[in-house]
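For reference, the structure is listed below as structure tokens.
Along the sequence shown, residues carry numbers from 1. When a ligand or atom number is given, it counts from 1 through the structure's own listing order. Fair warning: this is a prediction, and the values are worked out from it, not measured in the lab.
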Amino acid sequence: MINKEQLNSNIPEHVAIIMDGNGRWAKKKGFFRAVGHEKGTKAVREAVEGAAEIGIKHLTLYAFSTENWNRPKLEVETLMRLLVSSLKKEIKTLQKNNIRLNAIGNLQALPEKARKELLEVIEKTKDNKHMTLSLALSYGSREELIKTIQEISIKVKNNVLSPHLINEAVINEHLYTKNLPDVDLLIRTSGEQRISNFLLWQIAYAELYFTEILWPDFKKTDLLEAILNYQQRERRFGKTSEQLS
Ligand code: FPP
């Protein structure tokens, strides 16, 4: 269990994580990259259980990007196999912790077996209320924005929507994240400091947190540390400090 005593009541509602460093973790230890990904699934469990304990309502994990399809075929197969085996294994953890599974991304691009397993777990956990875990799979923010623009354009063309009524809410409705609030805190592991086409619209006001820890080494206490760091930030949303107090 996490020691939450140091936390105050300002818990971020939506935390997103770019899980990075599986390959480097494996290389450092002299293992194949696949071993890093496998150990990475254990860190996924740490993050999910930790987030649920802390009381985070929405956790979104970047599990597979649109760009990841360009990795060697064997690595893509390994990641898809790990997705299926994790879903089969972790459904118990999700039910026990009252967590609803959600997925964002172009799910049609996933292999049939992975998509089927994913949709099954989504269906089985749909009434869980404590936290929503969203897996970004075959996800790319630019692809999501293109899809959004296409759908809105069709509505405009068919006179269902007038261009001057297009606002943030209309755009939000067409994103994969339509039922999720904006991201409050974005974490990236492994020391890289970039966004890599993840939730570009949704992180407009997110606090960014970068840690050197490689994803397979990420523990509940590392999540706690990130939240403690978040709680020291002043989120001004364009206002002045004085206006906030
Ligand atoms: C980045 O490490 C990680 C990924 C591309 C995939 C993340 C996948 C997992 C944690 C395992 C499966 C996930 C689920 C949800 C079951 P990298 O390979 O880019 O590492 P590197 O930058 O050190 O090479």
For atom 16 (C) of ligand 1, what is the nearest protein heavy atom, given as residue, atom name and distance? Ser86 OG, 3.4 Å
List ligand 1 atoms under 4.0 Å from His37, heavy atoms only on the residue side. 11 (C), 18 (O)
Evaluate Leu82 for polar contact with ligand 1, using N/O atom pairs at a separation under 3.5 Å. no
Report, in ascending order of atom number, the atoms of ligand 1 lying under 4.0 Å from any heavy atom of Met19. 1 (C), 3 (C), 7 (C), 10 (C)
If you count the atoms of ligand 1 from 1 in the order shown, which ones are under 4.0 Å from a heavy atom of Ala63? 6 (C), 7 (C), 8 (C), 15 (C)
Tell me yes or no: between the side chains of Gln231 and Asn8, is some donor less than 3.5 Å from an acceptor? yes
Please report whether ligand 1 has a polar contact with Arg24, defined as an N or O pair separated by less than 3.5 Å (distance criterion only). yes
Asp20-ligand 1 polar pair, N/O distance under 3.5 Å: yes
Closest protein heavy atom to atom 19 (O) of ligand 1, given as residue, atom name and distance to 0.1 Å: Arg71 NH2, 2.8 Å
On the six-membered ring of Tyr176, is Lys147 placed so that its NZ or CZ lies under 6.0 angstrom from the centre and within 45° of the ring axis? yes
List the steps and the verdict of side-chain hydrogen bond (donor to acceptor under 3.5 Å, both in side chains) for Asn68 and Ser65. CA-CA 5 Å; Asn68 286 154; Ser65 71; 3.3 Å; yes
Report yes or no: do Glu212 and Ser190 form a side-chain donor-acceptor pair below 3.5 Å? no
Distance check, rounded to the nearest 0.5 Å: Glu173 atom CD versus Glu151 atom CD? 10.5 Å
Pair His37, Asn22: side-chain N/O donor-acceptor within cut-off below 3.5 Å: yes
Decide whether an N or O pair under 3.5 Å exists between Thr41 and ligand 1. no
What I want to find out is whether Arg188 reaches Glu192 closely enough, with some N-O distance under 4.0 Å, to be called a salt bridge. no
List the closest protein heavy-atom neighbour of atom 14 (C) of ligand 1: residue, atom name, distance to the nearest 0.1 Å. Val44 CG2, 4.4 Å
Flag the pair Glu53 and Lys4 as a salt bridge only when some basic side-chain nitrogen lies within less than 4.0 angstrom of an acidic carboxylate oxygen. no
Using 30° and 60° as the class limits, which term best fits the ring planes of Tyr139 and Tyr62: parallel, tilted or perpendicular? perpendicular
What I want to find out is whether Glu90 reaches Lys92 closely enough, with some N-O distance under 4.0 Å, to be called a salt bridge. no
By number and element, which atoms of ligand 1 are closer than 4.0 Å to a non-hydrogen atom of Asn68? 5 (C)
Does ligand 1 come near enough to Asn22 that some N or O of the ligand is less than 3.5 Å from an N or O of the residue? yes
Min heavy-atom dist Glu38 to ligand 1 below 4.0 Å: no
Residue-level breakdown please: for Glu192 versus ligand 1, do any non-hydrogen atoms fall below 4.0 Å on the side chain, on the backbone, on both, or on neither? neither
With a cut-off of 4.0 Å, which atoms of ligand 1 are near a heavy atom of Trp215? 10 (C)
re atom 20 (O) of ligand 1, the protein heavy-atom contact at minimum distance is Gly23 N, 3.0 Å
